[in-house]
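One structure is given here, and the rest of the page talks about it.
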Amino acid sequence: MISVAIDGPSSAGKSTVAKGVAKQLGFVYVDTGAMYRCVTLYALEHNVDCQNDEEVCKLLPFIDIELCIGGKVLLNGKDVTHDIRTQPVVDNVSYIAANKGVRLFLVDIQRDMAKDVSIVMDGRDIGTYVLPNANVKIFQVADVKERAKRRYLENIEKGIECTLEAVEKDLERRDYIDSHREFAPLCKASDAIEVDTSYLTIEESIDTIVKIIKEKVGI
């Protein structure tokens, strides 16, 4: 089995690229970000402060997350594919991701997913913590202004009202939280290959990473 870890900051295009890479190679794609968003949504639905680590952890035994083929995300059997992309979830997911109890809970699930099939998994700490022995590690980056532009256009397309300036500030805030959290922070693994996608199309980004994978594992 082959495991590919793709890490990087928010809105660097990791999920879109990881899906494309997995499709090209015939691997299973694991969207870890969706899993943290599910916990965030569940906490918000139960009026729990996402910055209260202890109260959030009390919810974990009642959470069941299923990532389906095709990208559908189920939370306790309910389709929340679109719900986990709403602004309240976006605003709070970094706090949930910084919660050590939540990370340990989800990491166990993520590692189990990697045991039986070849996977592409993206997130913040896949190569450094979740799958430290991954066959290939990619650190995907992009200029914050380019990332903000991408997120802004995505929001407008989905009918989410926002400003480019607000999106950029939010990304900078999330970058700081992700890279400064005490447990498993966002950072580049020592053996990861950095890929800057600031000025690459999605197709070019996918092709670049697929080429790296094929060269590394000989497929």
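- No chain of hydrophobic side-chain contacts below 4.5 Å, direct or via other Ile, Leu, Val, Met, Phe, Trp or Tyr residues, connects Val141 to Ile209.
- Using a 4.0 Å cut-off between charged nitrogen and carboxylate oxygen, Arg150 and Glu154 do not count as a salt-bridge pair.
- Tested against Ser205 for a side chain to side chain contact (heavy atoms under 4.5 Å, CB included), the candidates Leu200, Val21, Val195 yield a single pass: Leu200.
- Heavy-atom minimum distance, Thr32 versus Gly123: OG1-CA, 3.5 Å.
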(request) Starting from the C-alpha separation in whole Å, work towards a yes-or-no answer on side chain to side chain contact (heavy atoms under 4.5 Å, CB included) for Arg103 and Tyr129. (result) CA-CA 10 Å; Arg103 298 201 75 83; Tyr129 182 72; 5.8 Å; no
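- Cys38 SG to Lys78 NZ: the interatomic distance, rounded to the nearest 0.5 Å, is 11.0 Å.
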(request) Under the side chain to side chain contact (heavy atoms under 4.5 Å, CB included) rule, what do Leu59 and Val39 come out as? Steps first, then yes or no, please. (result) CA-CA 8 Å; Leu59 301 174; Val39 177; over 6 Å; no
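- Atom SG in Cys187 sits 7.5 Å away from atom CZ in Phe139 (nearest 0.5 Å).
- The side-chain hydrogen bond (donor to acceptor under 3.5 Å, both in side chains) analysis of residues 13-28, with sequence neighbours excluded, yields the pairs Ser15-Tyr29, Ser15-Asp122, Gln24-Asp207.
- Looking at Asn92, its side chain does come within 3.5 Å of a backbone N or O of Pro88 through a donor-acceptor pair.
- A donor-acceptor pair is defined here as one N or O able to donate and one able to accept, closer than 3.5 Å; such a pair exists between the side chain of Lys137 and the backbone of Gly127.
- Ion pairing of Glu146 with Lys149 is present here, as a side-chain N (NZ or NE/NH1/NH2) and a carboxylate O approach within less than 4.0 Å.
- With sequence neighbours left out, the side chain to side chain contact (heavy atoms under 4.5 Å, CB included) criterion links Ser3 to Ile119, Leu131, Ala134, Asn135.
- Looking at heavy atoms from C-beta onward, Val117 lies out of side-chain contact with Phe27 at the 4.5 angstrom threshold.
- Gln140 contributes a side-chain N or O that, together with a main-chain N or O of Ala12, makes up a donor-acceptor pair within less than 3.5 Å.
- Looking only at distances, no side-chain donor or acceptor of Ser94 sits under 3.5 Å from a matching main-chain atom of Ile177.
- The pair Arg124-Asp7 does not count as a salt bridge, with every side-chain nitrogen at least 4.0 angstrom from each carboxylate oxygen.
- Minimum interatomic distance between Phe62 and Asn76 (heavy atoms only, all atoms of both residues): O-ND2, 3.1 Å.
- Put simply, OG1 on Thr197 and CD1 on Ile202 are 9.5 Å apart, with the number rounded to the nearest 0.5 Å.
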(request) For Val30 and Val120, run side chain to side chain contact (heavy atoms under 4.5 Å, CB included): C-alpha distance rounded to whole Å, both residues' side-chain angles, the deciding distance at 0.1 Å, then the answer. (result) CA-CA 6 Å; Val30 180; Val120 177; over 6 Å; no
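- When side chains are defined from C-beta on, Leu67 counts as touching Met35, because their heavy atoms get closer than 4.5 Å.
- Every pair passing side-chain hydrogen bond (donor to acceptor under 3.5 Å, both in side chains) that includes a residue from residues 111-121 is listed here, sequence neighbours excluded: Asp112-Lys115.
- A distance of 11.5 Å separates CD1 in Ile193 from OG1 in Thr208, rounded to the nearest 0.5 Å.
- Cluster membership for Tyr36 and Phe183, using ILVMFWY side-chain heavy atoms within less than 4.5 angstrom, is shared.
- Taking both residues in full, the closest heavy atoms of Thr86 and Asp83 are given as OG1-O, 2.9 Å, listed atom of the first, atom of the second, then distance.
- In this structure a side-chain-to-backbone donor-acceptor pair under 3.5 Å is present from Arg181 to Ala184.
- Taking CD of Glu66 as the start and CG of Leu74 as the end, the distance is 5.0 Å to the nearest 0.5 Å.
- Side-chain contact check for Leu104 versus Asp108: every heavy-atom pair is 4.5 Å or farther apart.
- With salt bridges taken as basic N to acidic carboxylate O contacts below 4.0 Å, none links Lys100 and Glu182.
- Here the straight-line distance linking atom CG of Asp31 with atom CD of Gln110 works out to 10.0 Å at 0.5 Å rounding.
- In this structure, Val89 is a member of the same hydrophobic cluster as Ile65, with clusters built from ILVMFWY side-chain heavy atoms closer than 4.5 Å.
- Counting heavy atoms from C-beta on, the side chains of Asp125 and Leu186 never come closer than 4.5 Å.
- No hydrogens or angles considered: a donor-acceptor pair under 3.5 Å links the side chains of Arg151 and Ser11.
- Atom NZ of Lys188 is surrounded by more than 12 heavy atoms from other residues, nucleotides or ligands within 6.0 Å.
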